Number of protein chains: 2
Amino acid sequence: MADVARRAGVSTATVSRALTRPDQVNAKTRDMVRKIAQELGFRPNLIGRQLRTQAAHSLLILVQDLENPFYSELIKGAESVCRERQFSVMVGGTDGYEDVETLYAEQFLGGRVDGLILLTGHLPAGLSASLATQSPVVLVSEDNPELDLCAVLIDNPGWATRATAHLIAQGHRRIAHLCGPMTRIISPERREGYRRALATAGIAHDPQLEVPGDFSFESGREAVRQLLSLPEPPTAIFCANDESALGAIRAVQQAGLSVPGDISIIGFDDTKLAQFSDPPLTTVRQPRQQMGAAAADLVIGLIENGPAQRTRLLLDCQLIERGTVGPCPVPR
Amino acid sequence: MADVARRAGVSTATVSRALTRPDQVNAKTRDMVRKIAQELGFRPNLIGRQLRTQAAHSLLILVQDLENPFYSELIKGAESVCRERQFSVMVGGTDGYEDVETLYAEQFLGGRVDGLILLTGHLPAGLSASLATQSPVVLVSEDNPELDLCAVLIDNPGWATRATAHLIAQGHRRIAHLCGPMTRIISPERREGYRRALATAGIAHDPQLEVPGDFSFESGREAVRQLLSLPEPPTAIFCANDESALGAIRAVQQAGLSVPGDISIIGFDDTKLAQFSDPPLTTVRQPRQQMGAAAADLVIGLIENGPAQRTRLLLDCQLIERGTVGPCPVPR
DNA sequence: GATTCGAATGCAATCGATTGCAAGTTTCAA
DNA sequence: TTGAAACTTGCAATCGATTGCATTCGAATC
């Protein structure tokens, strides 16, 4: 910058203003400075600027698992908003390790980013709840009722109920639920929705039909093997996510049965995977792009206007009917 | 920091040293300072530090498409190395937009990150080739021969040859190739490998069997529809990636034919998807984690030791035999 | 022609750490 | 007892921008 100033015969103050506050300097000077800056290939040092302005203009998104396509689309949504608002994005995959979380918390506490979007459902180790509530931090997808934070969510119990009710509407009464990992708050929430739907329809709750799982393809296969060995197997399964639903479909087909002829299956999330099964998966679509975008809007708002009242956004889902749900087969 | 210094009755210089150069300060002072820093919840401002040391200790990974599982695993590999080496990672999805690339180039030029890992096969708009060659920048997965940069790659033609040869070894002679998008350098490379295998086996090259595609599921389906309408359809298909291979499998099965009974299919990449098809996909596995890790190692090396000679790492792949390749059916 | 006002510019402080150098203090051997 | 060497610590400059305040200059008003 000093170079540019010298070459242009002005002070660095004028150079700075010519580049960032065009209206504050004489048109002729401005153009000259800009031309020289251009020629010299001058790029402002963002660190110097940031130290002075105390604004990084950037967000950190924390994710458990980057590989999970569910998250990547969310991130995309957030990125597009950041792009518009001139924010840059840092994405961090924690894989659930505490020390990695600490590392990222450090980035935030150290002022490298000025806002946090958490897809993990909890604060990173190293960030205290009291500080977090006064900072630009929002939760997405996974709530944490104990934390007094802004959040962008869907109504998990509600849509799980809706999914289960869809099966009931097709005449199914013996309906299983493949749960997600209970460490994640969405899993009990979806299970709750399942139970509620059964109760509303007056169907007795059979604990044998509630199978533990961990969202993986393999856990879907395993669950179905288990369910098929029951004296009275279910005619429909509500899976807590898409990937495990694909596993379930596979296992059913490998047992020589048909989907949805013998067993109907419904998933949750509507990731890209849903279109890869045969038949394509009926599932609940979460508005992931929107969720990411809303979250980014929220954090940036907090950054620019300071702490606000706790906002909780509940976005709408949609039941996507494809080919894995059919009427309940008549007993042979 | 001034707070801590005051409270401890020492200068900020001593505080700084107590925290970052423990051996340079008296044990008693050090412990006292650290205790006080702890109590006050002091976090060093990374920006101040960075401005002084001129080191961000962080990398930027540039990707076209964050949603692509191929990339996410690569990123994971890079992240794990960065973690060990105490570097932080910023991930940017460009979606191919030039202005987004410029934005990220700015981050690099502005000193926010000190190294660049490019999964895009080209320099981001805004970064000149001459500057790039002297900077810590490496290409991964997609080469660019015109750029004099370090790179971590696989032998695409070689492994495409190997995949095709695998089909030939099963007796197939009428083998199609579903190409990738020609805008990406890996696509012609893989096609080249396919052609080479045919030539080696003395099989005439039939242009009709080389179908254009774009790596998508849909393009796989479309390609197979087209191939099956040929007077003499192929008995095997080498697909340029896994996702399009899944599409191909689906189309074959929907035409009432069997994989691999009637048509054998082989993919490329071995993403998670490969396990989701029925039968599971035979494909070429790229060591993605390793590639990411190697890339990170390389950039960090460049950062720490300054510009070095151009390094090009060629990592080994592996043919993963699952269930989609079988012997060539005898003509009816 | 004097006065006022506004626009354009520069000076110098500032953001929060790190670090070369100098000064002060111990330690230890001769 | 006296230096010399080894430790400790502090001073103040530094990284590269931004910005409040003062200054300068020209134009407009009366």
Side-chain angles (χ1 to χ4, degrees), chain A residues 1-38 40-58 86 88 106-114 303-304, chain B residues 1-38 40-58 86 88 106-114 303-304:
Chain A
M1 191 160 200
D3 271 2
V4 179
R6 201 172 313 121
R7 195 91 76 144
V10 298
S11 72
T12 61
T14 302
V15 175
S16 172
R17 282 190 279 249
L19 297 173
T20 61
R21 297 250 186 308
D23 48 316
Q24 278 185 28
V25 349
N26 181 293
K28 227 187 299 181
T29 329
R30 186 203 327 125
D31 293 344
M32 182 206 24
V33 170
R34 295 196 143 185
K35 190 159 137 280
I36 293 180
Q38 177 84 49
L40 263 52
F42 167 75
R43 297 279 134 199
N45 180 308
L46 299 179
I47 301 305
R49 171 180 296 174
Q50 182 175 340
L51 182 59
R52 174 65 219 233
T53 62
Q54 300 292 325
H57 267 267
S58 99
Q86 308 262 51
S88 65
E106 216 88 323
Q107 300 288 315
F108 176 65
L109 295 169
R112 192 103 90 187
V113 295
D114 23 40
I303 293 169
E304 292 179 344
Chain B
M1 191 162 201
D3 271 2
V4 179
R6 203 172 313 122
R7 195 90 75 143
V10 297
S11 73
T12 61
T14 301
V15 175
S16 173
R17 282 190 279 249
L19 297 173
T20 61
R21 297 253 185 309
D23 47 315
Q24 277 186 28
V25 353
N26 180 293
K28 225 186 304 180
T29 330
R30 182 198 337 119
D31 294 345
M32 182 205 24
V33 169
R34 293 195 143 185
K35 189 161 138 277
I36 292 180
Q38 177 83 50
L40 262 53
F42 168 75
R43 299 278 134 199
N45 180 309
L46 299 180
I47 300 306
R49 171 180 297 173
Q50 182 176 342
L51 182 59
R52 173 65 219 239
T53 61
Q54 300 293 324
H57 268 264
S58 97
Q86 307 264 49
S88 64
E106 215 87 326
Q107 300 288 316
F108 176 65
L109 295 169
R112 191 104 88 185
V113 296
D114 23 40
I303 293 169
E304 291 179 346

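Side chains included, hydrogens not; waters and symmetry mates left out as well; all remaining heavy atoms used. All chains are named by letter (A, B, ...) in the order of the sequence lines, taking the proteins before the strands, and each is independently numbered beginning at 1. What you see is a predicted model; the values in this text were computed from it and never measured.
With rounding to the nearest 0.5 Å, the separation of CG in A:Leu46 from NE2 in A:His57 is 10.5 Å. One finds the CG atom of A:Leu51 at 13.0 Å from the CZ atom of B:Arg52 (value rounded to the nearest 0.5 Å).
A heavy-atom distance below 4.0 Å to DNA chain D is reached by these residues of residues 18-27 of chain A, ordered by number: A:Thr20, A:Arg21.
Heavy atoms of A:Arg30 sit nowhere under 4.0 angstrom from any nucleic acid atom. When heavy atoms are screened at a 4.0 angstrom cut-off, A:Gly9 is found touching the sugar-phosphate backbone but no base atom.
Sequence order on DNA chain D of the closest nucleotides to B:Leu51 and A:Arg17 puts B:Leu51 first from the 5' end. For the pair B:Val10 and A:Asn45, nearest-nucleotide mapping onto DNA chain D gives the more 5' position to B:Val10.
More than 12 non-hydrogen atoms from other residues, nucleotides or ligands lie less than 6.0 angstrom from CZ of A:Arg30.
For A:Thr12 and C:dG10, the shortest distance from a side-chain N or O to OP1 or OP2 is not below 4.0 Å.
Salt-bridge formation is not detected for the pair A:Asp31/A:Arg34: no Lys NZ or Arg NE/NH1/NH2 atom is positioned less than 4.0 Å from an Asp or Glu carboxylate oxygen.
When all heavy atoms of B:Ala5 and B:Thr12 are compared, the pair lying nearest together is CB-N, 3.7 Å. Annotation for A:Ala18 and A:Val33: closest pair CB-CG1, 3.7 Å, computed over non-hydrogen atoms. For the residue pair B:Asp114 and B:Ala56, the shortest heavy atom distance occurs at OD2-N, 2.5 Å.
Looking only at side-chain heavy atoms (C-beta outward), A:Arg112 and B:Ser88 come within less than 4.5 Å of each other. Between A:Leu19 and A:Val15 the shortest side-chain heavy-atom distance falls below 4.5 Å. Considering only heavy atoms from C-beta on, A:Asp3 comes within 4.5 Å of A:Arg6 through its side chain.
In this structure, A:Asp31 atom CG and C:dA8 atom P are separated by 13 Å, rounded to whole Å.
Rotation axes derived from the C1' atoms of the five outermost pairs at either end of the helix from C:dG1-D:dC30 to C:dA30-D:dT1 lie 50° apart, to the nearest 10°.
Heavy-atom contacts of chain A under 4.0 Å fall on DNA chain D between two terminal nucleotides, which in 5' to 3' order are D:dG16 to D:dG20.
For B:Arg17 (side chain) and B:Val25 (main-chain N/O), no donor-acceptor pair under 3.5 Å exists by modelled atom type.
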